[in-house]
Amino acid sequence: MIRVDTSKAAENLSVFSSQLSEAHRWLQKATGRGNDFVGWVNLPRDYDKEEFARIQAAAKKIQGDSKALVVIGIGGSYLGAKGAIDFLCSPNYNLKKKSTPNIYFAGNGLSGDYLQEIVELIGEEDFSVNVISKSGTTTEPAVAFRFFRELLEKKYGKAEAAKRIYATTDKAKGALKSLSDAEGYETFVVPDDVGGRYSVLTAVGLLPIAVAGVDIEALMDGAADMMETCRSAEIDQNPAMQYAAARNALYQSGKKIEILAAYEPAFRFMSEWWKQLYGESEGKEHKGIFPASVEFTADLHSMGQYIQQGERHLFETVVRFEKSSHTLKVPYDAADGDGLNFLAGKDMDYIATQAMDGTLLAHVEGGVPNLIIHAGEKSAATLGELIYFFEYACGLSGYVLGVNPFDQPGVEAYKKNMFALLGKPGYEEKGAELRAKLGR
């Protein structure tokens, strides 16, 4: 079970007791701001079991008829799945010898080179597509889907291609839902009451994760265990409340940047998921902690100097896992040219632990408060716990900060400008205005 250590943050958490109690009630009773997007709170218990079985069946079908799966989505429609696959299967998943398909993520940018590379990597192999979009009109995934849908239809014919397209979208409306119904694609639901950045434990994340061979039942069981833990209104029994209180206390003391760190390279993309979760939930009304991330020990050789002696406006949250599944001991070298024989016979976990503790002490003494999240072993259940923990703490933290943690009005600004510059119908006047500003 996840445990939060705030002893190296040296802040009084009790000052947030009343605010956290109120925020906790808002989440549990769905009565706070943005309460139409808190379906994730009870999701690990109340998820659609029939759809879950269809997800498992679809994953098996894809594993049986495809050597590759192209997952098309952006933001919350791909970050969680990518992070989970990297963490549980390996950041080198596509390079490994395995019985499951390679998984390529597309539609998360606008690079023609990137799309072409995926096409070339698939080559002549059989493949399927999972397109993920609530509306079906988000530019990046919609453009990518046009490419891969055309590729499927040229390779298999329209009828057979339809059997290889899986759409995760709105249950009743939208461009992608209409197209799916017309063409006969199998569909899965993006729930109306779960926002994209909170959706990894829905079909949005579960189908790609299952295709990679992950036990999604264990993933949901872990999330359900953490859900029950987070039902407690007592801060000493609820790790999410402890984390939310600590980070808000640090924010009020002038720490404006939170660095999420882990001594596990496979966790790198879960950090990307975390950055969207907290950045999009809290960064509004000119408020919010800026979420950043590092991978230790590698980034100690690039960002370590700044963390140790740069401006004192940051704090660290370090996720620590239990021992790795592989015990590797440092070999003895008779010549000892590198001077490391004092490590001979010691395993990598032991060395990593000393690096963690040494870094912790150095950073705290250098004025960087540290929050430590003790997680379990690297497993689907542990990841389920961690996902729900971060989600619940984010909801609490946003409410304590005084914002709506479930909307994202700021992301519309760039979209409107992009549509205007691209010549989308209805944006002609704005397009002319923007081109003048750009000197075009």
Side-chain angles (χ1 to χ4, degrees), residues 62 68-95 101-122 127-152 165-170 174-176 188 190 194-212 266-281 283 291-293 295 387 408 410-415 417-419 422:
I62 294 167
L69 172 68
V70 180
V71 180
I72 299 174
I74 195 167
S77 294
Y78 94 101
L79 285 169
K82 169 68 172 165
I85 292 168
D86 278 13
F87 181 68
L88 296 172
C89 301
S90 171
N92 299 311
Y93 170 80
N94 283 354
L95 299 177
N102 286 343
I103 298 178
Y104 301 102
F105 290 89
N108 47 62
L110 293 169
S111 169
D113 288 345
Y114 180 74
L115 283 179
Q116 181 59 34
E117 183 176 57
I118 294 175
V119 172
E120 291 172 0
L121 286 169
I122 293 171
F127 74 101
S128 295
V129 167
N130 176 205
V131 55
I132 306 166
S133 176
K134 180 75 169 173
S135 65
T137 59
T138 303
T139 304
E140 295 90 340
V143 168
F145 183 46
R146 285 196 176 198
F147 279 103
F148 287 100
R149 178 187 174 199
E150 180 182 66
L151 195 63
L152 278 172
I165 296 175
Y166 303 83
T168 307
T169 188
D170 191 270
L176 182 55
F188 301 96
V190 179
V194 179
R197 58 189 178 274
Y198 291 85
S199 67
V200 61
L201 297 178
T202 71
V204 168
L206 292 178
L207 180 56
I209 293 169
V211 171
F267 195 73
R268 180 185 286 269
F269 232 90
M270 282 308 302
S271 295
E272 296 299 316
W273 167 83
W274 172 87
K275 284 193 287 190
Q276 186 203 3
L277 179 66
Y278 280 81
E280 205 166 77
S281 295
S293 64
E295 177 201 316
I387 287 170
Q408 55 279 342
V411 301
E412 296 304 316
Y414 93 88
K415 292 182 181 179
N417 285 351
M418 179 177 68
F419 291 152
L422 287 171

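In this chain, numbering begins with 1 at the start of the sequence shown.
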Participant: Around atom CZ of Phe147, are there more than 12 heavy atoms from other residues, nucleotides or ligands closer than 6.0 Å?
Facilitator: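 No - once you tally the heavy atoms of other residues, nucleotides and ligands closer than 6.0 Å, there are 12 at most.
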
Participant: If we only count heavy atoms from C-beta on, is the Tyr78 to Ile132 side-chain gap below 4.5 Å?
Facilitator: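 Result no, sub-4.5 Å side-chain heavy-atom pair not found.
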
Participant: Going by salt bridge (charged side-chain N to carboxylate O under 4.0 Å, His left out), name the pairs with one or both residues in residues 102-116, residues two or more places apart or in two chains.
Facilitator: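 Counting only pairs at least two positions apart or across chains, no salt bridge (charged side-chain N to carboxylate O under 4.0 Å, His left out) contact touches residues 102-116.
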
Participant: At what distance, to the nearest 0.5 angstrom, does CZ of Phe267 lie from OG of Ser293?
Facilitator: 9.5 Å

Participant: Kindly give the heavy-atom pair with the smallest separation between Ala68 and Pro101, and that separation in Å.
Facilitator: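 Heavy-atom minimum between the residues: N-CB, 3.8 Å.
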
Participant: Taking all non-hydrogen atoms of both residues, which atom of Cys89 and which atom of Ala212 are closest, and how far apart?
Facilitator: SG-O, 3.8 Å

Participant: Using every non-hydrogen atom in the two residues, find where Ser199 and Val194 come nearest and quote the distance to one decimal.
Facilitator: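 Minimum heavy-atom separation between Ser199 and Val194: CA-CG1, 3.8 Å.
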
Participant: Roughly how far, to the nearest 0.5 Å, is the CZ atom of Phe269 from the CH2 atom of Trp274?
Facilitator: 15.0 Å

Participant: Any idea how Tyr166 and Phe188 line up, ring-wise: parallel (<30°), tilted (30 to 60°), or perpendicular (>60°)?
Facilitator: parallel

Participant: Work out which heavy atom in Leu176 is nearest to a heavy atom in Gly136; give both atom names and the distance.
Facilitator: CB-CA, 3.6 Å

Participant: Roughly how far, to the nearest 0.5 Å, is OH of Tyr93 from CD1 of Ile103?
Facilitator: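 Going from the CD1 atom of Ile103 to the OH atom of Tyr93 covers 4.0 Å.
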
Participant: Do the side chain of Thr169 and the main chain of Ser133 share a donor and acceptor less than 3.5 angstrom apart?
Facilitator: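 Looks like yes, one N/O pair under 3.5 Å.
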
Participant: For Arg268, enumerate each residue passing the salt bridge (Lys or Arg N to Asp or Glu O under 4.0 Å) test, keeping only those at least two apart in sequence or located in another chain.
Facilitator: Glu295

Participant: To the closest 0.5 Å, what do you measure between CD1 (Ile387) and OH (Tyr198)?
Facilitator: 13.5 Å

Participant: Please determine which of Val143, Val129, Ile165 meets the side chain to side chain contact (heavy atoms under 4.5 Å, CB included) test together with Ile72.
Facilitator: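 Among Val143, Val129, Ile165, the one meeting side chain to side chain contact (heavy atoms under 4.5 Å, CB included) with Ile72 is Val129.
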
Participant: Can you sort out the partners of Glu272 under salt bridge (Lys or Arg N to Asp or Glu O under 4.0 Å), two or more places apart, ordered by chain and number?
Facilitator: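 Glu272: salt bridge (Lys or Arg N to Asp or Glu O under 4.0 Å) contacts with Lys275.
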
Participant: Grab the two heavy atoms, one from Leu206 and one from Leu201, that are nearest each other, plus how far apart they are.
Facilitator: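 That would be CD1-O, 3.4 Å.
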
Participant: Is the shortest side-chain heavy-atom distance between Thr202 and Val190 below 4.5 Å?
Facilitator: no

Participant: Working to the nearest 0.5 angstrom, can you tell me the gap between Ile74 CD1 and Gln276 CD?
Facilitator: 9.5 Å

Participant: Is there a side-chain contact between Phe148 and Val131 in this structure, where contact means two heavy atoms from C-beta onward sitting under 4.5 Å apart?
Facilitator: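 Contact flag for Phe148/Val131 side chains = no.
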
Participant: Answer yes or no: is there a donor N or O on one side and an acceptor on the other, between the side chain of Ser281 and the main chain of Tyr278, under 3.5 Å?
Facilitator: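 Between the backbone of Tyr278 and the side chain of Ser281 there is no qualifying donor-acceptor contact (under 3.5 Å).
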
Participant: By the definition side chain to side chain contact (heavy atoms under 4.5 Å, CB included), identify the one residue from Val200, Ile62, Val70, Val71 that meets it with Pro208.
Facilitator: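 Going through the options one by one, the only one that passes is Val71.
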
Participant: Give a yes or no answer on whether the side chain of Ser111 reaches the backbone of Tyr114 with a donor-acceptor pair at less than 3.5 Å.
Facilitator: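 It does hold such a pair.
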
Participant: Any pair with a residue in residues 131-145 that passes salt bridge (charged side-chain N to carboxylate O under 4.0 Å, His left out), sequence neighbours left out, goes on the list, sorted by first then second residue, please.
Facilitator: Lys134-Asp170, Lys134-Asp192

Participant: Quick one: CG on Leu151 to CD1 on Ile118, what's the gap to the nearest 0.5 Å?
Facilitator: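 One finds 11.0 Å between CG of Leu151 and CD1 of Ile118.
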
Participant: Only counting residues at least two apart or in another chain, list the ones meeting salt bridge (Lys or Arg N to Asp or Glu O under 4.0 Å) with Lys82.
Facilitator: Asp86

Participant: Mind jotting down which residue pairs meet the salt bridge (charged side-chain N to carboxylate O under 4.0 Å, His left out) criterion with at least one end in residues 194-209? Sequence neighbours excluded, please.
Facilitator: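 Passing the test, one end in residues 194-209: Arg197-Glu280.
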
